[in-house]
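Working notes for the structure below.
In what follows, chains carry the letters A, B, and so on, assigned in the order in which the sequence lines appear, proteins first and then strands, with residues in each chain numbered from 1. Nothing here was measured: the structure is a model prediction, and the numbers come from that model.
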Protein chains: 2
Amino acid sequence: MGVVGTRMTKQKSLILDLVKGTKCHPTADWVYQEARQQIPDISLGTVYRNLNALANQGMIREMNYAGTSSRYDGDVSQHYHFVCQDCGFVYDLPLEPLKAIDDLVENQENHKVAGHRLEFYGRCKSCKIQEKQ
Amino acid sequence: MGVVGTRMTKQKSLILDLVKGTKCHPTADWVYQEARQQIPDISLGTVYRNLNALANQGMIREMNYAGTSSRYDGDVSQHYHFVCQDCGFVYDLPLEPLKAIDDLVENQENHKVAGHRLEFYGRCKSCKIQEKQ
DNA sequence: TTAAATGCAAAACGTTTGCATATCC
DNA sequence: GGATATGCAAACGTTTTGCATTTAA
C-alpha cells in the first residue's frame, strides 16, 4: 500500500542525499524538482512516500509547524529555527538546547514530556537590509 | 472579495463567542459544527473568513504549527501548549513566558526577532493512565 | 522468486475564492 | 442606499492512495 519500508532504492537514496545535503529545509516539491534532474521520471508520490519513511525511521525530521507545506530537515540533532516572516527562509540557530524545561513541565503538569519545539520568527538580517522605508 | 472587514454580523459574533468560550483549541470544522447548531445554514467559507479576520484583528490566535489543520485559540495572551501525541488534545501550560531568549537570539544572529512559539509534546496525563502494557 | 517499491493518475483533504444575494450601518 | 458579508459551489495546493508494473534482495 502507500507505506514504504526499509528496502533501499535509488530513489530513496537520492532523496536522503538531497535532504542531508542542503541547509534550506526543503519542501517536498523542492526535493522533487531536484530529484528529477537525476531521475527524470521519479514521481511526486514516491518523494512523499520516502520522505515519510525517512522521517519515521528518524533519518530526517519533518517540520510541519511553520507555514502551509511541510519542510524537512536533514539535521536530526536537537536545534532551533528562526523563520523570516518576509522571505520565508528558515535559519538554524546555535542556541543551546533548553533541557530543563521538559522536566519542569513534566513535574508541574504530570504529562510525560517527550520533547519540545521552539521556533523564532521576525525579519531576518537580509530582509532588514533591504528595508524600504 | 474573500476578505472580511470590521462589520459585525451575527455569524462573526457567534464564531468569536465559540472560540472564546472553549479551552479545546478548536479547528475550523469544530467551530463550523458548533455554529450550525445556532445558525443552521452558516457556511464553512464564512467560518474560515471570520476566523481569519478575527486572527488578523488580534482577537483570537491561529496556531497552525501543530498538525495538519489549523487550530484557533481564544486566549491571546502569551502562553505555551502541550500537545498529546496519542489523543491529540492541546493543553495550556502555566509556564512563565521566556522573555530573555528573544533578545538572546536577536543579539547572537542579528535577525529582528518578533517572538517565538514553544510547544511541548508527549503523552498526556489522561493517556498515561490508560497505558496498556 | 517474490515481497516491496515505483510511476501514474485519481482522490482526499483543508482552505480559499468568484459570484449573485442578503444584510448591516 | 450602498458597501460589505453571506451562502453556495467550484477551484486551489498539498498530500495520500489504488493499481498495474518494475525492482531489490
Taking the minimum atom-to-atom distance to the side chain of A:Tyr48, which one of D:dG7, D:dT14, C:dT6 wins? D:dT14
Apply side-chain hydrogen bond (donor to acceptor under 3.5 Å, both in side chains) to residues B:Thr46 and B:Gln11 and explain how you reach the verdict. CA-CA 8 Å; B:Thr46 293; B:Gln11 290 88 346; over 6 Å; no
Is there a side-chain contact between B:Ser43 and the phosphate of D:dA9, meaning an N or O under 4.0 Å from OP1 or OP2? no
Tell me the interatomic distance from B:Tyr32, atom OH, to D:dG7, atom C1', rounded to whole angstroms. 10 Å
Touch check for B:Thr6, heavy atoms < 4.0 angstrom, all strands: base, sugar-phosphate only, or nothing? sugar-phosphate
Ring geometry between B:His81 and B:His25 (parallel below 30°, tilted from 30 to 60°, perpendicular above 60°): perpendicular
Side chain of A:Asp41 only, heavy atoms from C-beta on: which candidate in C:dG7, D:dT6, D:dC8 is closest? C:dG7
On the nucleotide C:dG7, are OP1 or OP2 found under 4.0 Å from the side-chain N or O atoms that A:Gln11 carries? yes
Whole-Å gap separating P (C:dA5) and CG (A:Leu51): 15 Å
B:Ile15 CD1 - D:dG7 C1' separation (whole Å): 13 Å
Could you tell me whether A:Ile42 contacts a base, only the sugar-phosphate backbone, or nothing, with contacts defined as non-hydrogen atoms closer than 4.0 Å? sugar-phosphate
Please tell me if A:Ser70 has a side-chain N or O lying less than 4.0 Å from either OP1 or OP2 of D:dT15. yes
Given D:dG7, C:dA5, C:dT6, which nucleotide is nearest the side-chain atoms of A:Arg7? C:dA5
Return the 5'-most residue of the pair A:Thr46, B:Thr9 with respect to DNA chain C, ranking by each residue's nearest nucleotide. A:Thr46
Quick one: B:Lys10 NZ to C:dA22 P, roughly how many Å, whole number? 13 Å
Interatomic distance where CD belongs to B:Glu62 and C1' belongs to C:dT15 [whole Å]: 10 Å
Between NZ on residue B:Lys112 and OH on residue A:Tyr121, distance to nearest 0.5 Å: 12.5 Å
To the nearest Å, how far apart are A:Leu44 CG and D:dT16 P? 10 Å
Can you measure B:Arg36 atom CZ to D:dG7 atom P for me and round it to whole angstrom units? 11 Å
Answer with base, sugar-phosphate or nothing: what part of the nucleic acid does A:Asp29 contact at a heavy-atom distance below 4.0 Å? nothing
Looking only at the side chain of B:Arg49 (C-beta and beyond, no hydrogens), which of the listed nucleotides C:dG18, D:dA25, C:dT6 gets closest? C:dG18
Applying the side chain to side chain donor-acceptor pair (under 3.5 Å) test to A:Tyr80, which of A:Glu119, A:His116, A:Glu96 qualifies? A:His116
For B:Asn52 and for A:Val47, locate the closest nucleotide of DNA chain C by heavy-atom distance; then report the residue assigned to the nucleotide nearer the 5' terminus. A:Val47
Side-chain touch A:Thr27/A:Tyr32, heavy atoms, less than 4.5 angstrom: no
In whole angstrom, give the distance that lies between atom CG of A:Asn50 and atom P of D:dA24. 13 Å
